[in-house]
2 protein chains.
Amino acid sequence: MAQMLHDDCPGCAAPDLAFAQHDHAHCAHDALARAEALIAARGLRLTPVRRRTLEILLEAHRAMGAYDMLTRLAAEGFGNQPPVAYRALDFLEEQGLAHRIRRLNAFTACMHPGEAHAPAFLICRACDTVAEAPATPVLAALTKAARHSGFVIERSNIEALGLCHTCQEAAA
Amino acid sequence: MAQMLHDDCPGCAAPDLAFAQHDHAHCAHDALARAEALIAARGLRLTPVRRRTLEILLEAHRAMGAYDMLTRLAAEGFGNQPPVAYRALDFLEEQGLAHRIRRLNAFTACMHPGEAHAPAFLICRACDTVAEAPATPVLAALTKAARHSGFVIERSNIEALGLCHTCQEAAA
DNA sequence: ATATGTATGTAATACTATAACAGGTCAAGA
DNA sequence: TCTTGACCTGTTATAGTATTACATACATAT
């Protein structure tokens, strides 16, 4: 296999460009390594179910429903009841390794764990790809609007539905 | 009953300040009147179920689940099966008279129908009140971030969870 | 070894949402 | 007037999403 450098992978260099062509295996490997380190640093455990759940999310590179995940996990010998999937997914979300896309009732792997961020998601209604967009300015605007009412934001979810660049061209 | 002027009601003057004390009956009446006009202008019908659904949402002044709404409607002689509530709520949402809060699997009345807006919601985790915040700058930032990836936004939902001003004081 | 906190497996159930079809209402046009 | 067609409501049935509760197992530190 060819050696891969971080800077050669557009997916890793600019994780917000999920729609762009890139060597996804590299992103996945990279994200998993960072996840391991993060969890260990927090004194928590990336157990087999949790680790495998994250791997599946990373490989899928798209939003997955909890029951899709459950099917995959069960096929690999883990439990086959909903809490198995929900517990792993919830853990990953709490640790910032995955995000919940409420519009889709689905979960997606975080492409840059560790960096503090309240993400914004761009959901293509044609190809179902979910991209994580840089949301710092968005969150800033939201925080400002909230402060105007004396409201303090603790968590936020910002999701947009539309068409990605590729699907726009396909439609035209 | 005392006569109420539009400008005397903080809820109507600044609908984004849902947490502020205000004469809510006035807001509700006002919003309902505007809803009637809007629907008529579009050649659509605000039928009894739809109208009553909107009234209940306005009176509740908080997010309501579809099944809560169904219970209310059924008690008043309307159908008692889920589609009854979902159809009315979906209609109201399509017409911009109600909004869906995905984080809560719930619906809330729009406090300023007719004005084009992609709303941002502030959800107080203590009192469950949902406020509609001015989101124009937020949406602008989101649109800009999306354009950077060539993504075109069609619909968006922006929701923040936290503590409203009142509940912050109560906690302290 | 044992106690403690944490993780997993499973059963049962609750909650949310939609598909599909039947019957009713109403207005426009033959 | 009658009919047609669009739309609205009601109902049955089912699909999809998520949680509670409890039992067991595993890890770590005394």
Side-chain angles (χ1 to χ4, degrees), chain A residues 35-36 39-40 42-57 63-95 97-108 123 128 157 159 161, chain B residues 35-36 39-40 42-57 63-95 97-108 123 128 157 159 161:
Chain A
E36 300 252 21
I39 294 298
R42 290 174 190 160
L44 300 174
R45 290 157 50 197
L46 194 59
T47 62
V49 216
R50 291 170 177 172
R51 188 194 163 96
R52 191 64 194 124
T53 300
L54 179 55
E55 283 176 3
I56 291 173
L57 273 186
M64 285 183 71
Y67 279 73
D68 293 337
M69 180 60 72
L70 180 57
T71 302
R72 295 286 306 270
L73 292 173
E76 301 184 16
F78 295 102
N80 67 341
Q81 297 302 314
V84 170
Y86 281 103
R87 281 197 285 237
L89 291 166
D90 289 347
F91 172 85
L92 295 175
E93 195 196 6
E94 276 159 24
Q95 299 308 316
L97 303 176
H99 296 295
R100 189 171 200 146
I101 313 294
R102 305 204 94 102
R103 182 149 209 141
L104 301 177
N105 291 323
F107 299 81
T108 189
I123 307 166
D128 280 339
N157 52 300
E159 302 172 7
L161 189 73
Chain B
E36 299 252 21
I39 294 297
R42 289 173 190 162
L44 299 173
R45 290 158 51 195
L46 194 61
T47 61
V49 216
R50 290 169 179 173
R51 187 194 164 96
R52 191 66 194 122
T53 300
L54 179 55
E55 283 176 2
I56 292 172
L57 273 187
M64 284 184 72
Y67 279 72
D68 292 337
M69 180 61 71
L70 180 58
T71 302
R72 296 285 307 270
L73 292 173
E76 300 184 16
F78 296 102
N80 67 340
Q81 296 303 314
V84 170
Y86 280 104
R87 281 197 286 238
L89 290 166
D90 289 347
F91 173 86
L92 295 175
E93 195 196 7
E94 276 159 24
Q95 298 308 316
L97 303 176
H99 296 293
R100 189 170 199 145
I101 313 294
R102 305 203 95 102
R103 182 150 209 140
L104 302 177
N105 291 323
F107 299 81
T108 190
I123 307 166
D128 279 339
N157 53 300
E159 301 171 8
L161 189 72

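Note on naming: letters A, B, ... go to the chains in the order of the sequence lines (proteins, then strands), and numbering restarts at 1 for each one.
A sub-4.0 Å separation between OP1 or OP2 of C/dT16 and a side-chain N or O of B/Tyr67 is absent. In terms of phosphate contacts, A/Asn105 brings no side-chain nitrogen or oxygen within less than 4.0 Å of OP1 or OP2 of C/dT16. Within the structure, a side-chain polar atom (N or O) of B/Arg50 is placed less than 4.0 Å from OP1 or OP2 of D/dT9. Within the 4.0 Å cut-off from OP1 or OP2 of D/dT17, not a single side-chain nitrogen or oxygen of A/Arg100 is found.
Going from atom CG of A/Leu46 over to atom C1' of C/dT6 covers 15 Å, rounded to whole Å. Following rounding to the nearest Å, B/Ile101 (CD1) and C/dT16 (C1') show an atom-to-atom distance of 16 Å. In this structure, B/Phe78 atom CZ and D/dG10 atom P are separated by 7 Å, rounded to whole Å. Put simply, CD1 on A/Ile39 is 10 Å from P on C/dA7, counting in whole angstrom units. Remark: P of D/dT11 and CZ of B/Arg87 are 10 Å apart, rounded to the nearest angstrom. For B/Asp90 and C/dA19, the CG to C1' distance is 14 Å, given to the nearest whole Å. Taking atom CD of residue B/Glu93 and atom P of nucleotide C/dT18, one finds them 10 Å apart after rounding to whole Å. Here the P atom of nucleotide C/dT16 and the CG atom of B/Asp68 are 7 Å apart, to the nearest Å.
For B/Pro83, whose side chain is taken as the heavy atoms from C-beta onward, the closest listed nucleotide among D/dC8, D/dA18, C/dA19 is C/dA19. Of the listed nucleotides (D/dT11, C/dT16, D/dA18), D/dA18 has the atom at the smallest distance from the side chain of A/Ala66. When each of C/dA7, D/dA18, C/dT10 is scored by its nearest atom to the side-chain atoms of A/Arg45, the top-ranked nucleotide is C/dA7. The A/Thr47 side chain lies nearest to C/dA7 when the options are C/dA7, C/dT18, D/dG10.
Here the side chain of A/Glu159 pairs a donor or acceptor atom with the backbone of A/Arg102 at under 3.5 angstrom. A distance-only check finds no donor-acceptor pair linking the side chain of B/Arg52 to the backbone of B/Leu73 [under 3.5 Å].
Closest-nucleotide positions on DNA chain C for A/Leu44 and A/Gln81 were compared, and the one nearer the 5' end corresponds to A/Leu44.
Shown here for B/Ile101 and B/Ile123, the closest heavy-atom pair between the two residues is CG2-CD1, 3.6 Å. Across A/Ala66 and A/Ala85, no two heavy atoms sit closer than the pair O-CB, 3.4 Å. In terms of heavy atoms, B/Ala98 sits closest to B/Leu57 at CB-CD1, 3.9 Å.
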